[in-house]
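Single-structure report; data block below.
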Amino acid sequence: MLSGLLAPKELDKLAPTLPAVLSDALKKSDERQAAISGGDASLEAAHRAHRAMVDALGEARKGDLQAFVRSQLGKLLKEFSTHLKDAEGSLKDIEAKAAERALWIPNMPHESVPVGADASGNVEVRRSGEPPVYSFTPKNHWEIAEALGIIDFERAAKISGARFVANVGLGARLERALLNFMLDLHVRDHGYTEIFPPFIVNTESMTGTGQFPKFADDQFKIEGLEMHLVPTAEVPITNLHRDEILPGEALPVAYVAYSACFRKEAGAAGKDTRGLMRLHQFNKVELVNFTAPEQSYDALERLTASAEEVLKRLGLPYRVVELCTGDLGFAAAKTYDIELWFPAQEVYREVSSCSNYEDFQARRASIRFREGEKVKPRLVHTLNGSGLAVGRTLAAILENYQQPDGTVRVPEALVPAMGVEVIRPPGAPA
RNA sequence: GGAGAGAUGGCCGAGUGGUCGAAGGCGGCGGUCUUGAAAACCGUUAGGCGAAAGCCUCGGGGGUUCGAAUCCCUCUCUCUCCGCCA
C-alpha cells in the first residue's frame with residue numbers, strides 16, 4: 001500500500017499547488033530517478049555489479065579457485081555490500097518520509113467545482129419539496145421526541161455520556177424502519193450490493209480512505225490496539241478492495257452498507273448539543289462506488305440521485321448544494337451535500353454528503369483495475385455518499401410531520417414497517 | 001487465553017544457503033489439428049519503477065551471510081487441538 005503515493009508523474013502534476021518545501025522536494029524526482037536507475041553510478045548499476053560478483057564467487061565456490069583468492073574476494077564483497085546496504089537504507093528512509101508527508105496532501109478539486117472561501121460560496125443546485133406551512137409554532141425534534149417518549153436523552157447520558165441517545169418504543173422502531181427502508185431501496189431499486197461490515201477497522205484502513213493521519217483526533221481508538229471504531233461505513237467498504245486489482249468487467253462496483261458511526265466530535269463543543277444532529281454514535285446507510293475514471297462523474301450524479309430518492313419517497317423537503325473549493329473536504333474532488341429542511345429552526349441541515357474522490361483513496365489504498373490482458377492496471381475512482389444518516393432523517397420526520405396536537409404522522413412509505421400511522425404520546429387514546 | 005502447524009505467481013503445489021522471479025499441474029489466452037467442438041500437442045500467462053536495457057519484489061519489517069524463497073528475530077494473518085463464549 002501507499003507506494004503509488006510516490007509516482008513521480010503524479011507528484012509533478014501536484015507540485016505547483018504545494019507548499020514550497022514539498023514542491024522543492026518533488027522537483028527532484030528526476031534526480032531521484034537518476035540516482036536509482038540512471039547511469040553507471042546508480043543504485044541499480046551497483047546492484048548489477050554486486051550480483052555479478054556474487055554469482056562469480058558462487059561459481060568458483062566448489063573448487064578451482066585458491067582459498068586465498070576466495071578470501072580476498074570475500075573481503076572486498078563484504079565491504080561492497082555494506083556500502084550498498086547503507087545506500088539502500090537511506091533511500092528507503094527518504095522515501096518513507098516522503099510518503100509520510102504525502103499523506104497530508106489534500107485532494108485537488110475538480111475543475112467544475114465553484115471557487116469560494118467557505119460555506120458561503122457553496123452553490124444550490126436544486127430543491128425538492130416545499131417546506132410545510134404551519135398553523136402553529138413548530139417544535140424542535142428533541143422536544144417532540146421527549147414529549148412522545150420515543151427518545152431517552154437523560155438515561156443515555158447516564159449510561160454513556162453527552163451526545164448519546166437511546167431510542168424507545170416507536171422511536172427505536174422508527175430508527176429500524178428507516179434503516180431497512182433505505183437499504184431495501186438501494187438494493188432493490190438502485191442495484192446496490194449490500195454489505196454488513198465490521199465496525200472496527202485497523203490503521204491501514206483508516207489511512208486508505210484518508211481519515212488518517214490528519215483526522216486521527218476525531219476517531220475512537222481501542223485502548224492499546226491499532227484498531228478504531230468506524231466513523232462511517234465508507235472506511236470498511238472502500239477498504240474491502242484495498243491492495244486489489246479488480247477485473248475491468250467488474251466495474252462499476254456499487255455497495256450499500258449500514259453501520260453505526262462513531263465520532264469524537266472534537267472541536268464541536270457547544271454545537272448542536274441538543275437533539276440528534278451531532279452524536280458520538282449514530283446510524284448511517286452508506287453508498288460506495290468503484291468506477292473507471294471515465295465514469296466517475298456520471299456515477300456521482302447517479303449516487304446523489306439514489307440518496308435523494310430516499311427523501312423523495314419519505315416526502316421530506318430538501319435541497320442539493322454543491323460545495324465550493326473552500327468547503328470541500330480533505331479527500332474529495334467534488335461533493336454534493338443533500339440538506340434537509342428543519343422547520344423549527346427554519347434551516348436546511350446536511351443529511352448526506354456525496355463525493356467523488358477520484359483516485360485519491362485508490363492511490364492510498366492501492367485499488368486498481370485491469371481492462372485487458374496486456375494492459376497495465378490503472379487506479380479506480382472511488383465515490384461515496386450517505387444514503388442517508390438515519391438519526392438526522394428521523395429528526396426531520398419528527399419536525400416536518402408534527403401536528404398541532406403534538407403527535408407525529410408516519411410517512412406513508414414507513415407505515416407498513418411501523419405498524420401505525422401516527423406516533424402518539426404514551427397513554428394517549430389511539 | 002494455552003499448545004502446535006503454516007503463509008510461494010489467478011488457483012493448487014515443489015523448492016530448506018548459490019546461476020530461482022521461482023519446477024510441475026490446473027485455469028486463462030493464442031496457435032496446430034478438426035466441417036465445428038472436445039481431446040491431444042505447441043506457445044503464452046504476476047506486480048512495481050523505467051523510454052529502454054535493466055533493477056526490485058516468494059505475507060510485512062528487521063537480522064545473519066560474499067550470497068536468503070530457503071537460517072534467525074519480530075509482526076500480521078490462516079489452520080488444528082484444548083479452554084472460553086453470543
Side-chain angles (χ1 to χ4, degrees), chain A residues 1-13 26 28-100 102 196 198-208 222 224-228 236 239-250 260 359 362-380:
Chain A
M1 170 168 116
L2 304 182
S3 60
L5 287 167
L6 288 171
K9 282 178 187 166
E10 298 295 330
L11 290 178
D12 286 346
K13 183 183 86 180
L26 298 179
K28 291 181 178 141
S29 65
D30 285 349
E31 288 173 43
R32 172 185 164 275
Q33 190 53 51
I36 293 170
S37 65
D40 292 343
S42 69
L43 195 57
E44 274 191 16
H47 268 128
R48 204 158 32 241
H50 181 238
R51 191 167 181 162
M53 287 188 278
V54 166
D55 286 352
L57 183 59
E59 195 65 42
R61 104 198 99 104
K62 273 169 198 149
D64 302 332
L65 272 192
Q66 299 287 338
F68 171 75
V69 176
R70 259 186 282 162
S71 71
Q72 291 307 304
L73 188 51
K75 276 181 199 165
L76 282 172
L77 268 176
K78 169 83 173 165
E79 202 167 323
F80 191 96
S81 74
T82 304
H83 287 308
L84 190 53
K85 274 182 185 167
D86 284 352
E88 274 182 330
S90 27
L91 178 66
K92 256 187 181 173
D93 287 349
I94 291 165
E95 296 199 324
K97 272 180 197 149
E100 191 67 31
F196 202 114
F199 295 174
I200 295 178
V201 296
N202 56 31
T203 300
E204 287 75 18
S205 293
M206 286 294 223
T207 307
I222 309 289
L225 298 174
E226 286 304 312
M227 310 207 90
H228 316 271
N239 279 283
L240 231 37
H241 294 302
R242 170 154 49 87
D243 295 323
E244 287 186 17
I245 299 173
L246 303 167
E249 60 270 22
D359 64 11
R363 184 184 306 285
R364 290 174 158 242
S366 187
I367 308 168
R368 293 169 294 170
F369 74 107
R370 196 201 313 267
E371 284 166 299
E373 284 278 320
K374 301 283 178 193
V375 189
K376 277 200 172 190
R378 299 160 65 202
L379 292 163
V380 300

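Each chain gets a letter, A, B and so on, in the order its sequence line appears, and its residues count up from 1.
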- Measure from CG on D243(A) to P on G9(B) and round the result to the nearest Å. 14 Å
- Note on the structure: Against the side chain of E44(A), the closest entry in C56(B), G48(B), A53(B) is A53(B)
- Item | Separation of atom CG in L225(A) from atom P in C77(B), rounded to whole Å | 10 Å
- Query: For G67(B), does OP1 or OP2 lie under 4.0 Å from any side-chain N or O of S81(A)?
  - Reply: yes
- Atom-pair distance (NE2 on H47(A); C1' on C55(B)), nearest Å: 8 Å
- Message: How close do A362(A) and L379(A) get, counting heavy atoms only, and between which atoms?
- Response: O-CD2, 3.5 Å
- Message: Taking G15(B) as the reference, what is the distance to A53(B) when you measure between their C1' atoms (whole Å, please)?
- Response: 30 Å
- Interatomic distance at P, G59(B) relative to A68(B), whole Å: 15 Å
- Task: Determine the interatomic distance between P on U64(B) and the same-named atom on U70(B); round to the nearest Å.
- Result: 15 Å
- Message: Can you tell me how far apart CG (D55(A)) and NE2 (H50(A)) are? Round to the nearest 0.5 Å.
- Response: 10.0 Å
- Give a yes/no on whether any side-chain N or O of K92(A) is located under 4.0 angstrom from OP1 or OP2 of G60(B). no
- Task: Locate the shortest heavy-atom distance separating F369(A) from V380(A); write the atom from each residue and the value.
- Result: CD2-CG1, 3.6 Å
- Item | Bracket string, RNA chain B, 5' to 3' - pairs by Watson-Crick or G-U geometry under 3.5 Å, | interstrand | ((((((((.[[[..)..(.....]]]((((((.......))))))((((....)))).[[[[[..)....]]]]])))))))....
- Atom-to-atom span, CZ of R48(A) to P of A53(B) - whole angstrom: 12 Å
- Task: Round to a whole Å and report the spacing from NE2 of H50(A) to P of U65(B).
- Result: 13 Å
- Quick note, V54(A) side chain, CB onward, closest among C66(B), G48(B), C55(B) is C66(B)
- Query: Rounded to the nearest 0.5 Å, how far apart are CD1 of I367(A) and CD1 of I245(A)?
  - Reply: 12.0 Å
- Message: Nearest 0.5 angstrom please: H228(A) NE2 to N202(A) CG, how far?
- Response: 7.5 Å
- Item | Nearest listed nucleotide, side chain of K376(A), among G47(B), C55(B), C49(B) | C49(B)
- Task: Grab the CD-P distance between E204(A) and G61(B) for me, whole Å please.
- Result: 12 Å
- Query: How long is the span from the CZ atom in R48(A) to the CG atom in L43(A), to the nearest 0.5 Å?
  - Reply: 10.5 Å
- Using atom C1' of each nucleotide, how far apart are G9(B) and C20(B) to the nearest Å? 13 Å
- Message: Let's see if you can work this out: which of C49(B), C66(B), G47(B) has an atom nearest to the side-chain heavy atoms of R370(A)?
- Response: G47(B)
Grab the N/O contacts between the protein and nucleotides 20-22 of chain B below 3.5 Å, and write none if there aren't any.
from	atom 1	to	atom 2	distance (Å)
G21(B)	OP1	R51(A)	NH2	2.7
G21(B)	OP2	R51(A)	NH2	3.0

- Query: Looking at R364(A), R368(A), R363(A), which hits side chain to side chain contact (heavy atoms under 4.5 Å, CB included) with S366(A)?
  - Reply: R368(A)
- Note on the structure: Output for pair (S81(A) OG, H47(A) NE2), nearest 0.5 Å, gives 10.0 Å
- Taking all atoms of both residues into account, what is the closest heavy-atom pair of E204(A) and N239(A), and its distance? O-OD1, 4.2 Å
- Write down the distance between CD (E226(A)) and P (C77(B)), rounded to a whole number of angstrom. 12 Å
- Message: For a quick test of reading the model, state the closest non-hydrogen atom pair linking S205(A) to R242(A) and the distance between them.
- Response: OG-NH2, 2.8 Å
- Pairwise P distance for C55(B) and A37(B), with rounding to whole Å: 42 Å
- Message: Which is more 5' along RNA chain B, the nucleotide nearest I245(A) or the one nearest D55(A)? Just name the residue.
- Response: D55(A)
- Item | Same-atom distance (C1') from A23(B) to C12(B), integer angstrom | 14 Å
- Query: Between atom CZ in F80(A) and atom P in U65(B), what is the gap in whole Å?
  - Reply: 18 Å
- Query: With sequence neighbours excluded, what pairs up with I200(A) under the side-chain contact (heavy atoms from CB on, under 4.5 Å) test?
  - Reply: I222(A), M227(A), L229(A)
- Message: Rounding to an integer number of angstrom, what distance separates U65(B) and C72(B) when you compare their P atoms?
- Response: 16 Å
- Would you kindly compare L43(A) and K85(A) by the position of their nearest RNA chain B nucleotide and give the one closer to the 5′ end? L43(A)
- Task: Can you tell me, in whole Å, how much space there is between the C1' of U45(B) and that of G21(B)?
- Result: 14 Å
